[in-house]
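Read the structure below first, then the notes.
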Amino acid sequence: MIRLSWCTLAVALLATAAASGGRDGNQERLTGKFDKAACPDYATYSTYPHPPLSNGPLKLPFQRPDPRCRTFHSDAIEKVIADITSRMKDADLARLFENAFPSTTDTTVKFHTDGKDEKIKQRLRSRREKDAWLDEGEWEGPQSFIITGDILAEWLRDSTNQLKPYQPLATKDKAIFNLILGAINTQSEYVISSPYCNAFQPPPVSGLPISYNGQDDAVHPIYEPNVVFECKYELDSLAHFLALANDFHHHTGSTQFLTPRWYKAVHTLLSVLDAQSQSTFEPETGSYQQNAYTFQRRTNTGTETLNLGGIGNPLNNGTGLVRSAFRPSDDATIFGFFIPANAQMAVELNRTASIIKQAKSSANDAELAQTLSDWSARIARGIWEHGVVRHRTHGDVFAYEVDGYGSMLLMDDANYPSLLALPLMGFVDTGDETYRNTRRMLLDKAGNPYFLTGKEFKGVGGPHIGLQNAWPMSLLVQAQTSDDDEEIMECLRLVLNSSKLGLIHESVNVDYAQSYTRSWFAWANGVFAETIFNLAKRKPHLIFKDSRPYEL
């Protein structure tokens with residue numbers, strides 16, 4: 001058949017939507033035969049504005065794909081969009097929410113099965129016939145493959161955060177329930193296969209093509225490139241794996257994810273914690289001991305590889321902390337005890353332990369729960385003992401990275417987990433004195449080298465993009481951790497004014513906000529949705545025409 005160009009099809013689809021009365025995300029689902037191959041590539045589609053425009057001064061475009069081109073549909077999501085936008089007093093903010101909240105389901109659910117599809121079952125049977133080493137239960141049940149946006153790969157961290165805004169809807173919509181359950185099952189397979197890796201190829205039962213990152217990496221342990229897209233070991237990726245199931249259980253009470261495959265993934269995670277808590281030198285003899293994970297990439301960018309033959313800088317023993325070779329930005333750590341990821345891991349291990357204790361399935365479960373609790377306490381103790389340092393201006397603050405020898409890095413990065421986000425992950429309250437000191441330091445140009453300011457934008461950035469670009473994500477985290485109405489509204493204003501395409505960008509040039517990276521970045525859109533929900537519950541008067549709180 002003839003493949004229409006994205007612009008030709010866009011005009012045709014918009015005309016169809018207009019004729020049917022659709023304009024704000026509440027369109028009726030269109031019926032009839034339709035070849036999805038005719039849908040425009042959203043990586044291109046998202047870089048251009050599309051009508052109808054919002055009624056606010058910014059006249060933001062409507063960036064949702066035609067209903068026939070969306071990758072997932074949920075009536076509950078459409079209802080939330082209608083409920084929220086109808087109450088918002090700023091038409092531009094409403095349009096940004098309308099585009100951002102469904103971004104993941106509209107554009108990034110590249111594969112999903114509830115586990116009952118006969119075609120998928122046949123693919124699995126065929127795979128079992130060809131591969132005698134396939135484990136019992138592998139790739140069975142619901143599965144979901146969630147890409148980050150403009151890259152056909154799933155990051156454990158990104159996908160967990162992309163799905164987070166929909167977690168409260170899992171009890172209201174069976175489709176959402178199965179989508180998230182499938183994501184837990186898929187992540188379990190990834191962790192079992194390659195626990196040191198951060199980004200993965202489509203599930204083998206999906207029928208989707210694999211792609212390569214084009215890098216020249218030497219990694220140990222070795223991995224299968226048909227399974228792994230990139231293998232940077234990031235402690236927070238494993239913490240996010242736990243968080244996905246923990247949030248699902250919190251909102252639904254369901255234990256359907258407690259399968260043998262999930263338990264195997266948790267045990268695999270524990271083996272990583274054990275290996276990555278080892279020091280660089282053997283405590284008794286002082287002799288060098290090889291780390292289980294090494295990473296080297298041919299590159300001229302220092303943050304893309306590890307020094308000392310792929311090991312990274314030495315780490316001391318007896319800290320209770322766990323090494324992370326890379327940050328959530330995918331940049332290499334300088335001192336491997338990365339505090340934000342350790343904090344997130346401590347929290348999620350404890351949450352997982354509570355779920356397993358409640359399940360009371362077996363004596364083995366009780367032992368596992370205790371192991372998880374012990375690890376949580378050990379890591380938390382290590383953070384307070386080694387991750388809190390004295391700042392000459394701000395007093396006791398959390399360091400970003402430490403090595404156990406006394407060396408430390410004082411900064412923050414926009415990516416989650418971050419020091420700024422410690423209360424959002426549940427490690428401390430916003431009123432905690434050490435956190436408040438840290439927050440002041442991070443939002444001070446003299447305290448955080450990556451707090452970037454310019455003529456048109458400001459916020460926390462990071463080495464990943466450079467010294468001229470701050471990330472809207474950092475402003476959204478700042479708003480969620482603030483009780484000051486003025487500060488919150490300034491954050492929202494900066495994000496709104498830098499989102500002229502009606503979507504949240506990865507980063508924005510602080511002197512020229514029209515210069516940005518990534519128009520299609522579903523994780524950032526999810527953080528914006530989370531921020532709106534946070535304010536709708538906590539500060540409704542700031543965004544709504546009335547002061548009635550809204551909670552999913």
Side-chain angles (χ1 to χ4, degrees), residues 24-25 41-50 54 58 60-65 69-74 76-78 80-81 84-85 88 90 92-110 146-151 154-155 157-169 176 179-180 183 240 328 414-416 421 424 459 465 470-480 491-492 494-508 513 516-536 543 552:
D24 59 0
D41 176 9
Y42 196 74
T44 302
Y45 188 87
S46 63
T47 62
Y48 292 86
H50 303 279
S54 65
L58 295 180
L60 297 186
F62 179 74
Q63 299 293 71
R64 297 187 68 185
C69 295
R70 296 172 190 171
T71 57
F72 188 85
H73 175 82
S74 164
I77 288 175
E78 300 303 328
V80 170
I81 294 171
I84 289 282
T85 57
M88 295 181 86
D90 186 314
D92 292 322
L93 198 67
R95 172 53 55 83
L96 192 53
F97 178 82
E98 181 181 15
N99 291 334
F101 174 51
S103 177
T104 288
T105 46
D106 278 358
T107 67
T108 70
V109 183
K110 287 303 182 183
I146 315 296
I147 66 172
T148 187
D150 51 10
I151 304 172
E154 175 174 328
W155 269 253
R157 167 186 56 258
D158 292 40
S159 57
T160 293
N161 286 304
Q162 286 169 243
L163 292 170
K164 189 175 181 181
Y166 312 126
Q167 290 272 15
L169 300 177
I176 293 290
L179 178 69
I180 298 174
H240 275 100
N415 284 265
Y416 181 94
L424 301 185
I465 301 298
W471 294 48
M473 194 183 299
S474 75
L475 289 165
L476 298 170
V477 170
Q478 183 182 345
Q480 290 185 58
C491 292
L492 286 184
L494 286 166
V495 170
L496 189 59
N497 289 338
S498 68
S499 305
K500 299 293 175 58
L501 277 174
L503 296 165
I504 309 298
H505 301 305
E506 177 189 49
S507 73
V508 174
Y516 62 86
T517 59
R518 300 182 76 174
S519 57
W520 183 20
F521 189 36
W523 176 15
N525 288 308
V527 178
F528 176 77
E530 282 283 299
T531 305
I532 293 300
F533 291 136
N534 175 283
L535 298 178
I543 60 173
L552 289 177

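Here, residue 1 is the first one in the sequence, and each next residue gets the next number. Below, all heavy atoms of this structure are taken into account, side chains as well, without hydrogens, waters or symmetry copies.
Considering only heavy atoms from C-beta on, L179 comes within 4.5 Å of I146 through its side chain. R518 is listed as a side-chain neighbour of T148, based on a closest heavy-atom distance under 4.5 Å. Between V80 and F533, the closest side-chain pair of non-hydrogen atoms falls below 4.5 Å. For the pair V527 and I504, the minimum side-chain heavy-atom distance is 4.5 Å or more. Using a 4.5 Å heavy-atom cutoff, the side chains of D150 and E506 are not in contact. At least one side-chain heavy atom of V495 sits less than 4.5 Å from a side-chain heavy atom of S499. Counting heavy atoms from C-beta outward, I176 and I77 have side chains that approach closer than 4.5 Å.
Classification of the W523-F521 ring pair by plane angle, with boundaries at 30° and 60°, yields perpendicular.
One distance of note links CG of L496 with CG of D90; it measures 5.5 Å at 0.5 Å rounding. Here CG of N99 is found 10.0 Å from CG of L501. Values are rounded to the nearest 0.5 Å. In this structure, CD1 on I147 lies 8.0 Å from OG1 on T71, to the nearest 0.5 angstrom. Taking OH from Y166 and OG1 from T104, the interatomic distance works out to 4.5 Å, rounded to the nearest 0.5 Å. In this structure, the separation between CZ on R95 and CG on L58 is 12.0 Å, given to the nearest 0.5 Å. A distance of 6.5 Å separates NZ in K164 from CG in N161, rounded to the nearest 0.5 Å.
For Q478 against C491, the heavy-atom pair with the smallest separation is CD-SG, 3.5 Å. Nearest heavy-atom pair, S103 versus N525, reported as atom, atom and distance to 0.1 Å: OG-ND2, 3.3 Å. Between S519 and S46, the closest heavy-atom pair is OG-OG, 3.0 Å. Of all heavy-atom pairs spanning S507 and I465, the tightest one is OG-CG2, 3.5 Å. Contact between S498 and P472 at its shortest, heavy atoms only, is OG-CG, 4.5 Å. Residue F97 comes nearest to P102 through the heavy atom pair O-CD, 3.9 Å, listed as atom of the first residue, atom of the second, then distance.
Remark: the backbone N or O of A100 is not paired with any side-chain donor or acceptor of Q63 at under 3.5 angstrom. Under a 3.5 Å cut-off, the side chain of S54 and the backbone N or O of D92 do not form any donor-acceptor pair. Under the 3.5 Å distance criterion, the side-chain polar atoms of R157 are matched with a main-chain donor or acceptor of P328.
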Exercise for the section: Step by step, work out the side chain to side chain contact (heavy atoms under 4.5 Å, CB included) result for V508 and L494. Expected result: CA-CA 10 Å; V508 174; L494 286 166; over 6 Å; no

Problem - Criterion side chain to side chain contact (heavy atoms under 4.5 Å, CB included) on L93 and I532, from CA distance to verdict - result: CA-CA 9 Å; L93 198 67; I532 293 300; 4.3 Å; yes

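Considering W471, Y516, F528 in turn, Y516 is the only one that fulfils the ring pair (Phe, Tyr, Trp, His ring centres under 6.0 Å) rule with H505. In summary, of the residues considered (W520, Y45, F72), a side chain to side chain contact (heavy atoms under 4.5 Å, CB included) with T107 occurs for W520 alone.
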